[in-house]
Amino acid sequence: MAETALPAETSNPANIDKLRAARRSPASHLSENFASGSVAGTVALKEIPFQTMVGIRVDRESDAGQRLASVTGGLPAACGEVAGGERATTLWLGPDEFLVVAPETAHDSLGGDLVRALFEALGDAPGQVVDLSANRTTFELSGIRAKDVLEKSCSLDLHPRAFHAGTALATEIGNIPAVLWKTGEDTFRIFPRASFAAFLGRWLLDGMKEFASPEVP
Amino acid sequence: MLLISCPNCGPRDETEFHYGGQAHVAYPENPNDLNDREWAEYLFYRDNTKGNFAERWVHSTGCRKWFNMLRDTVTYDIKAVYKMGEPRPDLTNEAISPEGASK
Ligand SMILES: [Zn+2]
């Protein structure tokens with residue numbers, strides 16, 4: 001079958017660009033809408049496709065937890081925390097569940113070695129390391145009105161007093177489950193599952209619409 | 001809408017949670033010894049308490065962990081949130097001790 005031949009194709013570096021060109025990100029069909037719906041200097045939305053994402057479940061106090069932490073550059077200890085290393089950034093999803101996020105090129109199919117390194121760090125210990133790169137896509141919502149757009153459809157306290165840059169929370173946005181990571185004072189990264197990407201993209205565009213119009217006094 | 005304090009994540013909207021029914025229903029020690037009626041009672045029969053009721057909840061779109069809650073079924077007041085495996089808090093004792101009396 002054609003599918004079983006795929007791993008061999010990806011292992012050939014000459015094929016990597018061909019395969020990358022063939023890929024479609026979950027919200028690629030909305031890229032023009034994102035560009036035209038963004039309001040310069042106010043709020044902008046774009047998709048950052050194909051980030052490498054790896055799900056980890058492990059007891060962070062265990063030996064395996066320490067080994068995984070040495071690969072990721074730490075495992076966050078509590079809700080909201082984000083651990084940053086050279087190779088990847090790790091978000092807290094639960095007391096024993098973490099999401100490792102890294103650039104596309106960290107993925108093993110593109111010459112990286114992150115997934116294998118994590119897989120080997122876990123070894124035979126209880127827990128799991130799963131390549132979730134295709135599970136979610138990434139939206140970046142930025143600008144001085146980004147918080148206002150989010151507040152329409154997310155019930156978390158997003159005030160800078162309560163939600164600091166460098167914090168990530170698993171929650172609901174527009175009634176769908178998503179991870180919200182505040183990467184800068186006016187910049188948010190949102191990780192919706194692939195099947196929700198088009199819905200959330202259009203939902204956010206709708207929330208941005210009012211900021212394209214002149215303010216009603 | 002209830003505002004539920006997840007033991008891991010803090011206060012979140014009720015929509016992030018799912019309900020898991022009555023808490024502290026122990027799995028039968030020897031399920032094979034149960035007759036049909038006893039098995040049906042274990043599976044389906046639950047208390048219908050008016051007042052403080054111990055129940056299970058899961059933070060589905062947050063940390064995905066289960067926990068227990070003591071909720072007044074009349075007022076919807078959440079009296080206590082406690083971890084899986086912990087015994088049901090005795091609210092009568094807490095009311096007597098000045099430390100435990102929560103306002
Ligand atoms: Zn939680």
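Just so it is clear: chains get the letters A, B, ... in the order the sequence lines come, proteins before strands, and each one is counted from 1.
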Item to check | Engaged part of A:L156 at the chain B interface, taking heavy atoms whose separation is under 4.5 Å | outcome: side chain
Checklist entry - Between A:P177 and B:T61, which heavy-atom pair has the shortest distance, and what is it? => result CB-CG2, 3.6 Å
Checklist entry - Who wins among A:N175, A:D96, A:D157 for the most heavy-atom pairs under 4.5 Å with chain B? => result A:D96
Checklist entry - Would you find more than 12 non-hydrogen atoms of other residues, nucleotides or ligands less than 6.0 Å from A:D63 atom CG? => result no
Checklist entry - Are more than 12 heavy atoms from other residues, nucleotides or ligands located less than 6.0 Å from atom CG of B:N48? => result no
Checklist entry - Of all heavy-atom pairs between B:N8 and A:C79, which one has the smallest distance, and what is that distance? => result O-CB, 3.3 Å
Checklist outcome for this item: Value for OG1 (B:T15) from CD (A:E172), rounded to nearest 0.5 Å, stands at 4.0 Å
Checklist outcome for this item: For A:P95 and B:C63, the nearest pair of non-hydrogen atoms, with its separation, is CD-CB, 4.3 Å
Item to check | Straight-line distance of B:R12 CZ to A:L169 CG, nearest 0.5 Å | outcome: 5.0 Å
Next on the checklist: Would you say CG of B:D33 has more than 12 non-hydrogen atoms from neighbouring residues, nucleotides or ligands within 6.0 angstrom?
Outcome noted: yes
Next on the checklist: With a sphere of 6.0 Å drawn around NZ of A:K152, does it hold more than 12 non-hydrogen atoms of other residues, nucleotides or ligands?
Outcome noted: yes
Next on the checklist: For B:Y19, I'd like to know if atom OH has over 12 heavy atoms of other residues, nucleotides or ligands within 6.0 Å.
Outcome noted: yes
Next on the checklist: For B:H18, I'd like to know if atom NE2 has over 12 heavy atoms of other residues, nucleotides or ligands within 6.0 Å.
Outcome noted: no
Item to check | Chi angles and distances behind the side chain to side chain contact (heavy atoms under 4.5 Å, CB included) call for B:R64, A:L93 | outcome: CA-CA 8 Å; B:R64 310 204 293 173; A:L93 294 186; over 6 Å; no
